[in-house]
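Beneath this line is the structure, given in structure tokens, with notes to follow.
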Amino acid sequence: MPLDLSNTLVVGISATALFDMAESDQIFRDTYESDPDTAIEKYRDHMLEHEDEPLQPGTGFHLIKALLGLNEFQKDDGPLVEVVVMSRNSPDSGLRVLNTIRHDKLNITRSAFTAGETVADYLEAFDVDLFLTTNVKDAQQVIDSRRCAAAILKEPPADAPLIPEGQVRIAFDGDAVLFSDKSELVYKTKGMAEFHAQEDANQDIPMEEGPYAALLHKLSKLQDRLPIRVEFSPVRIALVTARNSPSEMRVIKTLRHWGVYVDEAFFLGGVEKTKVLKAFRPHIFFDDQDVHLDAAANIVPSGKVPYLSDSALSEDTRS
């Protein structure tokens, strides 16, 4: 009987997001610039030569480890969390990745190795709810397909703050991440005053779902399956948004309408997000704007949520 993952949070993660593979990737890039025909061979030789040497943690490593730790609460109705490693390595060159998973005692049993082909085509087959990658094209393809949430992970921070043991802490931006980009487009095209006026007037009208709304719903299911009241859940969620009064009411009422629980919400009104993130100490922070992510990524693991290719916001970032 096929495994039923409808109530399980499934995270797909690329090998380069799970582990630090900067050295091998640099070998490929350097060789490709001088001799493209031998780049793959040089990369494969390096991976085979070092396949018994464990890789160091990547940006997504500590999130994955914490999520897998939730399975200690697992009951007979299936795992709370499943992780799939999805890599553009070939099975041969990917052996170092599998060896490192065993070395680090990560309970990851499923994987996909595509030998250079995009892994985005296989997310539906693995029932993935969240895809973490360092490959811009793969993340964009996933976002455009609307299959699941996806993020392009930044480099790991040099000195991330310690996170309380036994918790999973995730921070989200609001507009164009949890919520649709419609309100942000108003701000971009008509200014702050018009944005505040619209959001205040529509505070009782729930916002449309954004690319991460389905993930938030899945996290809510995960909280419900834990044998702990949601207020004391080891899964702790924060909303960190540049919104402020009078646009904050619509956010809270939208989350209430969706029936999801967010532990903490910060309405910063343009104040830099890094100090709040340093205090919250998330395993990962998701945002759509580099102006926030470039600073945040120095402090906490961070991932960029791409806009839909046909979004006016996407066009705005190119101009």
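Predicted, not measured: the structure shown is a model, and the values here were computed from it. Side chains included, hydrogens not; waters and symmetry mates left out as well; all remaining heavy atoms used.
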Response to the item:
Here the pair of heavy atoms bringing I163 nearest to R281 is CG1-O, 3.3 Å
Worksheet entry | Single-linkage hydrophobic cluster W258~M249, side-chain heavy atoms < 4.5 angstrom | no
Discussion item. Quick one, D104 with F61, criterion side chain to side chain contact (heavy atoms under 4.5 Å, CB included). Give me CA distance, side-chain angles, the key distance, then yes/no.
Written reply: CA-CA 10 Å; D104 293 337; F61 178 88; 3.5 Å; yes
Worksheet item: Is the NZ atom of K253 crowded by more than 12 outside heavy atoms at less than 6.0 Å?
Response: yes
Worksheet item: Do I228 and V230 belong to the same hydrophobic cluster, where Ile, Leu, Val, Met, Phe, Trp and Tyr are linked whenever their side-chain heavy atoms lie under 4.5 Å apart, directly or via other members?
Response: no
Worksheet entry | N/O donor-acceptor pair under 3.5 Å between R243 side chain and E248 backbone | no
Item to complete: Test salt bridge (charged side-chain N to carboxylate O under 4.0 Å, His left out) on D294 and K304 and set out the steps.
Response: CA-CA 10 Å; D294 288 344; K304 182 175 181 177; over 6 Å; no
Worksheet entry | Main-chain N/O of G270 paired to N244 side chain as donor or acceptor, under 3.5 Å | no
Discussion item. Given 3.5 Å as the limit, does a donor-acceptor pair link the side chain of S145 with the main chain of V142, or not?
Written reply: yes
Worksheet item: Looking at CD of E209 and NE2 of H217, how far apart are the two atoms once the value is rounded to the nearest 0.5 Å?
Response: 4.0 Å
Item to complete: Apply the test side-chain hydrogen bond (donor to acceptor under 3.5 Å, both in side chains) to residues Q141 and D144: give CA-CA distance (whole Å), side-chain angles for both, the deciding distance (0.1 Å), then the verdict.
Response: CA-CA 5 Å; Q141 182 180 338; D144 288 342; over 6 Å; no
Item to complete: Could you tell me the separation between the CG atom of L293 and the CG atom of N298, rounded to the nearest 0.5 Å?
Response: 11.0 Å
Worksheet item: Do the side chain of D20 and the main chain of Q56 share a donor and acceptor less than 3.5 angstrom apart?
Response: no
Discussion item. Does either side chain, that of N202 or that of Q198, offer a donor lying less than 3.5 Å from an acceptor on the other one?
Written reply: no
Fill in: Heavy-atom check, side chain of L255 versus side chain of L216, under 4.5 Å
yes
Discussion item. Taking the side chain as everything from C-beta on, heavy atoms only, tell me whether L153 gets closer than 4.5 Å to I284.
Written reply: yes
Item to complete: With the side chain counted from C-beta on, respond yes when Y187 and D175 share a heavy-atom pair under 4.5 Å apart, and no when they do not.
Response: no
Worksheet entry | Backbone N/O of Q203 and side chain of R250: donor-acceptor pair under 3.5 Å | no
Worksheet item: Would D173 and K273 pass as an ion pair if we require N to O under 4.0 Å?
Response: yes
Item to complete: Answer whether the closest heavy-atom distance between the side chains of R44 and E41 falls below 4.5 Å.
Response: yes
Worksheet entry | Side-chain donor/acceptor of Q223 to backbone N/O of V235, under 3.5 Å | yes
Item to complete: Please name the pair of heavy atoms, one in S14 and one in F131, separated by the smallest distance, quoted to 0.1 Å.
Response: N-CE1, 4.4 Å
Discussion item. If hydrophobic clusters are built by linking Ile, Leu, Val, Met, Phe, Trp and Tyr wherever their side-chain heavy atoms come under 4.5 Å apart, do F266 and V291 end up in the same one?
Written reply: no
Discussion item. Could you check whether any side-chain heavy atom of D92 comes within less than 4.5 Å of a side-chain heavy atom of F113, counting everything from C-beta outward?
Written reply: no
Worksheet item: Can you check whether H62 reaches P301 side chain to side chain, under 4.5 Å on heavy atoms?
Response: no
Item to complete: Taking T118 for its side chain and D138 for its backbone only, find out whether a donor-acceptor pair lies under 3.5 Å.
Response: no
Worksheet item: Do S6 and D4 have a side chain donor and acceptor closer than 3.5 Å?
Response: yes
Item to complete: Kindly compute the distance separating CG (L80) from CG (L68), expressed to the nearest 0.5 Å.
Response: 11.0 Å
Worksheet item: Distance-only, no hydrogens or angles: does the R169 side chain make a donor-acceptor pair with backbone N or O of F280 under 3.5 Å?
Response: yes
Item to complete: Verify the neighbour count for atom CD of Q74: are there more than 12 heavy atoms of other residues, nucleotides or ligands below 6.0 Å?
Response: yes
Fill in: Check: V10 main-chain N/O paired with T8 side-chain donor or acceptor under 3.5 Å
no
Fill in: Any side-chain heavy-atom pair of T254 and L178 under 4.5 Å
no
Discussion item. Under a 3.5 Å distance rule, please check whether R225 uses its side chain to pair with a backbone N or O of K221 as donor and acceptor.
Written reply: no
Worksheet item: Under a 4.5 Å cut-off applied to non-hydrogen side-chain atoms, are D288 and Y212 in contact?
Response: no
Practice prompt. Answer with yes or no whether the hydrophobic clustering places L219 together with V251; edges join I, L, V, M, F, W, Y residues whose side-chain heavy atoms lie under 4.5 Å apart.
Written response: yes
Item to complete: Indicate if F195 and L268 have the same hydrophobic cluster label, given that clusters are the connected sets of ILVMFWY residues with side-chain heavy-atom separations under 4.5 angstrom.
Response: no
Discussion item. Let me confirm one number: the CD-OH distance from Q140 to Y307, rounded to the nearest 0.5 Å.
Written reply: 11.5 Å
Item to complete: Tell me, yes or no, whether the heavy-atom count around F267 atom CZ, taken from other residues, nucleotides or ligands under 6.0 Å, exceeds 12.
Response: yes
Worksheet item: In Å, rounded to the nearest 0.5 Å, how long is the span from OG1 of T109 to CD of E82?
Response: 5.0 Å
Worksheet item: For the atom pair OG1 (T100) and CG (L18), what is the distance rounded to the nearest 0.5 Å?
Response: 8.5 Å
